[in-house]
Amino acid sequence: MANNETLLKKIIAHSKEYGYIFPSSEIYDSLAAVYDYGQYGVELKNNIRNYWWESMVHYHENIVGIDSAIFMHPTVWKASGHTDAFNDIFIDNKDSKKRYRVDLLIEEHIAKIEDKILKEISKVSQKYGDTFDEKMFRTTNKRIIEYQNTINEINKKFNEALDKKDFAEIKKIIEYLGIVCPVSGSKNWTEPRQFNLMFSTQIGSTSNEDNGLIYLRPETAQGIFVNFLNVQKSGRMKIPFGIAQTGKAFRNEIVARQFIFRMREFEQMEMQFFVKPGTELEWFSYWKEQRLKWHLSLGIPSNMFRYHDHERLAHYANAACDIEFNFPMGFKELEGIHSRTDFDLKSHEEYSGKKLRYFDNELNESYIPYVIETSIGLDRMFLAILSYSYKEEKLDDGSERVVLNIPSLLAPIKVAILPLVKKDGMPEKAKNIFNSIKTDFLCQYDEKDAIGRRYRRQDAIGTPYCITIDTQTLEDDTVTIRERDSMKQDRITINEISNTVNKRIKESYKLAC
RNA sequence: GCGGAAGUAGCUCAUUUGGCAGAGCGAUAGCCUUCCAAGCUAUAGGUGGCGGGUUCGAGCCCCGUCUUCCGCUCCA
């Protein structure tokens, strides 16, 4: 564990030193849990996004992409459940330092009372056997009626306080009920507090009641759902079909840490797949499998990944699974695959009053499609690639090197062009080569310092191929091509550079569809 | 948000009763070098996180604040 902690630290330091990731607004002491991508970071990030986009949108004729706005009508978030679900009220126990969701504390308390009712019932039902009438008993037994009244009373008071956002009243209820912290056993509570997980801002001219209060989207999925009909009709899409989107999302995390794993501003790559009701679980397992294949296609070993099936499901799902990656902090969620049922479209139908249905010619009827969601964090994928790639190697000659074994398809710089020495016309020759292949790959020219040191520099930023120009190049137009991982060199002609690099990159991954 | 540790050059770290702020690596320019870091010369780079206080004098002591790291509740 200690090793893994230092590994993450090393990756963070390496990212900063070599232009991958910088803390946001660093000269002003940074902004917590916000990061900027540097000159190599942006290339890697773009390459990951492109690979995802091509695998999802270009290689599937029944999946199309969109790019919806970050600003959305505020009602979208009422319909999605975010306005309520992401506005939980928390309370801290001062002794155990534990934080609890107030509604869950109350729920637990109510569950205890319900337990008492059930005990009463089972006691009596054993006595009377088959002739026992539970309904009758519930409505007539004095004790049960009392319990039930208590429950109703708590619910009523709590909901009233919630509606009014009356935090003082909420605290009173908790104190009145004598709820104790399960850990410390004390009733030493802080004031209840609200953590709004959505960022809000003002927009001038919306017509809603809150004076133009709108939110930055906490997920990109809703942009897909509200455009479901637009895309389906304009694209003449037939079920099953998918809509994909990548883009920024924003969440005001209570605790945002672990580098770019959990940021306030992050980027998602989501695909919502619309299917016939009743077929959703088949499609769920299909996409579960497909998405893992996509990860493995990059050549990262399969033991770095694992599935994690959800036991407790979110309000909108009837099946859910994470693909977890073995980050330096351990196995953590990288991608989620959810069977979202018809929750979102149905809810948008209710709130918007617009029919969001699909007419199925085979069945000769219309229905609200069910949805399978694949949702991956781009920044998390970035961190996965980086933490898999970062290696400190001890070489045979006793020296050490730090290398990023980034899958070459995703590497920021693909080719470095290096004159062996800075004289005898080698720099000029090298610049000619640079100019002739710069339209094929992102290249970098470097003539400073000894050749070995330049190789190490390229290793450190993860450049898979180095082309070196030497005396022989001047005689017969051949160069050496050096592989980052093996450090082996081959001699090829200048004309072969593009094809060779292309071929080797293609061989390094299995096309994912 | 709460508790614990830390913050000195781009990076890693020195600088002790409180007395002129330093080194290595890196960077830049040049020299030397014909294939895997650590050859030579020169140069740049610091209001010691920031703000206040104590003191003749603060990087060091005190207070506040910000940021980062480590532990606790949600999520992609």
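Side chains are part of it too, since the values below use all heavy atoms of this structure and drop only hydrogens, waters and symmetry mates. Chain naming here is simple, since letters A, B, ... match the order of the sequence lines and numbering starts at 1 in each.
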Check nucleotides 26-29 of chain B against the protein and report each pair of N or O atoms closer than 3.5 Å, with its distance, or say if there are none.
{"unit_1": "B/G26", "atom_1": "OP1", "unit_2": "A/Arg453", "atom_2": "NH1", "d": "3.0"}
{"unit_1": "B/G26", "atom_1": "OP1", "unit_2": "A/Arg453", "atom_2": "NH2", "d": "3.4"}
{"unit_1": "B/A27", "atom_1": "OP1", "unit_2": "A/Arg457", "atom_2": "NH1", "d": "3.2"}

From C-beta outward on A/Arg380, which listed nucleotide comes closest to its side chain: B/A76, B/C69, B/U34? B/A76

B/G19 to B/C61 separation - P atoms, rounded to the nearest Å: 12 Å

Do A/Met426 and A/Leu420 have side chains that approach each other closer than 4.5 Å (heavy atoms only, starting at C-beta)? yes

Is it the case that the base of B/C75 and the side chain of A/Arg251 share a donor-acceptor contact (distance under 3.5 Å, atom types as modelled)? no

A/Gln489 side chain, from C-beta outward: closest of B/U34, B/A76, B/C35: B/C35

Rounded distance (Å) that lies between atom P of B/U12 and atom CD of A/Glu400: 17 Å

For A/Lys248, the salt bridge (charged side-chain N to carboxylate O under 4.0 Å, His left out) test, sequence neighbours excluded, returns A/Glu265

For A/Phe274, what residues pass the ring-ring contact (aromatic ring centres under 6.0 Å, His included) criterion, not counting sequence neighbours? A/Phe228, A/Phe241

Just checking A/Asp322: base, sugar-phosphate only, or nothing, at a heavy-atom cut-off of under 4.0 Å? nothing

Which residues satisfy the side-chain hydrogen bond (donor to acceptor under 3.5 Å, both in side chains) test with A/Tyr445, sequence neighbours excluded? A/Glu447

Kindly state each residue pair satisfying side-chain hydrogen bond (donor to acceptor under 3.5 Å, both in side chains) with at least one member in residues 451-464 of chain A, sequence neighbours excluded. A/Arg401-A/Asp459, A/Gln444-A/Gln458, A/Asp446-A/Arg457, A/Asp449-A/Arg457, A/Tyr455-A/Thr468, A/Tyr455-A/Gln489, A/Gln458-A/Thr463, A/Asp459-A/Arg482

Taken to the nearest whole Å, CD/A/Glu335 to P/B/A76 is 12 Å

Listed nucleotide nearest any side-chain atom of A/Ser375, set B/A76, B/C36, B/U33: B/A76

Can you check the distance between B/A44 and B/G10, where both ends of the measurement are the P atom (answer in whole Å)? 15 Å

Cation-pi check, A/Arg380 onto A/Phe325 ring (under 6.0 Å, within 45° of axis): no

My understanding is that only residues two or more places apart in sequence, or in another chain, count here; which of them pass salt bridge (charged side-chain N to carboxylate O under 4.0 Å, His left out) with A/Glu267? A/Lys45, A/Arg49

Which nucleotide sits closest to the side chain of A/Arg262: B/C69, B/C75, B/U34? B/C75

A/Glu447 CD - B/U33 P separation (whole Å): 16 Å

Taking any heavy-atom pair under 4.0 Å as a contact, classify A/Leu334: base, sugar-phosphate, or nothing. sugar-phosphate

note: A/Tyr455, atom OH; B/C36, atom P; distance rounded to Å ~ 8 Å

Is the closest side-chain donor-acceptor distance between A/Asn50 and A/Glu54 under 3.5 Å? no

Taking atom C1' in both B/G49 and B/C56, compute the distance separating them and give it to the nearest angstrom. 27 Å

If I pick the P atom on B/G45 and the same atom on B/A5, what distance separates them, to the nearest angstrom? 37 Å

Given the C1' atoms of B/G59 and B/G46, what is the spacing between them in whole Å? 11 Å

To the nearest Å, how far apart are A/Gln39 CD and B/G10 P? 17 Å

Between A/Asn47 (side chain) and A/Ala411 (backbone), is there a donor-acceptor pair under 3.5 Å? yes

Not counting sequence neighbours, which residues clear side-chain hydrogen bond (donor to acceptor under 3.5 Å, both in side chains) with A/Ser389? List them please. none

Can you tell me, in whole Å, how much space there is between the C1' of B/G4 and that of B/G52? 25 Å

So what does A/Ile451 hit on the nucleic acid, given a heavy-atom distance under 4.0 Å: a base, only sugar-phosphate, or nothing? sugar-phosphate

Proximal nucleotide (of B/C35, B/U34, B/C69) relative to the A/Lys9 side chain: B/C69

Separation of the P atoms in B/C36 and B/U41, to the nearest angstrom: 24 Å

Could you tell me how far apart A/Lys394 (NZ) and B/C36 (C1') are, to the nearest whole angstrom? 17 Å

What does A/Met269 touch in the nucleic acid at a heavy-atom separation under 4.0 angstrom: a base, only the sugar-phosphate, or nothing? nothing

In which stems does RNA chain B show up, taking only runs of three or more Watson-Crick or G-U wobble pairs whose two distances fall under 3.5 Å? B:1-7 with B:66-72, B:10-13 with B:22-25, B:27-31 with B:39-43, B:49-53 with B:61-65

Set of residues satisfying salt bridge (charged side-chain N to carboxylate O under 4.0 Å, His left out) with respect to A/Lys288, sequence neighbours excluded: A/Asp309

Check each residue of residues 471-481 of chain A for a non-hydrogen atom within less than 4.0 Å of any atom in RNA chain B, then write out the ones that pass by number, or none. A/Thr471, A/Thr480

Stacking between A/Phe266 and the base of B/A76 (centre distance under 5.5 Å, interplanar angle under 30°)? yes

Looking at A/Lys16, does any N or O in its side chain come under 4.0 Å of the phosphate oxygens OP1/OP2 on B/G10? no

Any donor and acceptor pair, going by atom type alone, linking the side chain of A/Ser200 with main-chain N or O of A/Tyr215 inside 3.5 Å? no

In whole angstrom, what separates A/Arg291's CZ from B/A76's C1'? 13 Å

Listed by chain and number, what are the salt bridge (charged side-chain N to carboxylate O under 4.0 Å, His left out) partners of A/Arg491, not counting sequence neighbours? A/Asp470

Rounded distance in Å between the P positions of B/G71 and B/G18: 34 Å

Ignoring hydrogens and geometry beyond distance, is the side chain of A/Arg454 in donor-acceptor contact with the base of B/C35 at under 3.5 Å? no

Just the rounded figure in Å: distance from P of B/A76 to NZ of A/Lys332. 14 Å

If you assign A/Glu219 and A/Arg401 each to the RNA chain B nucleotide with the nearest heavy atom, which residue ends up on the more 5' nucleotide? A/Arg401

In short, side-chain hydrogen bond (donor to acceptor under 3.5 Å, both in side chains) pairs touching residues 415-434 of chain A with sequence neighbours left out are A/Lys429-A/Asp477

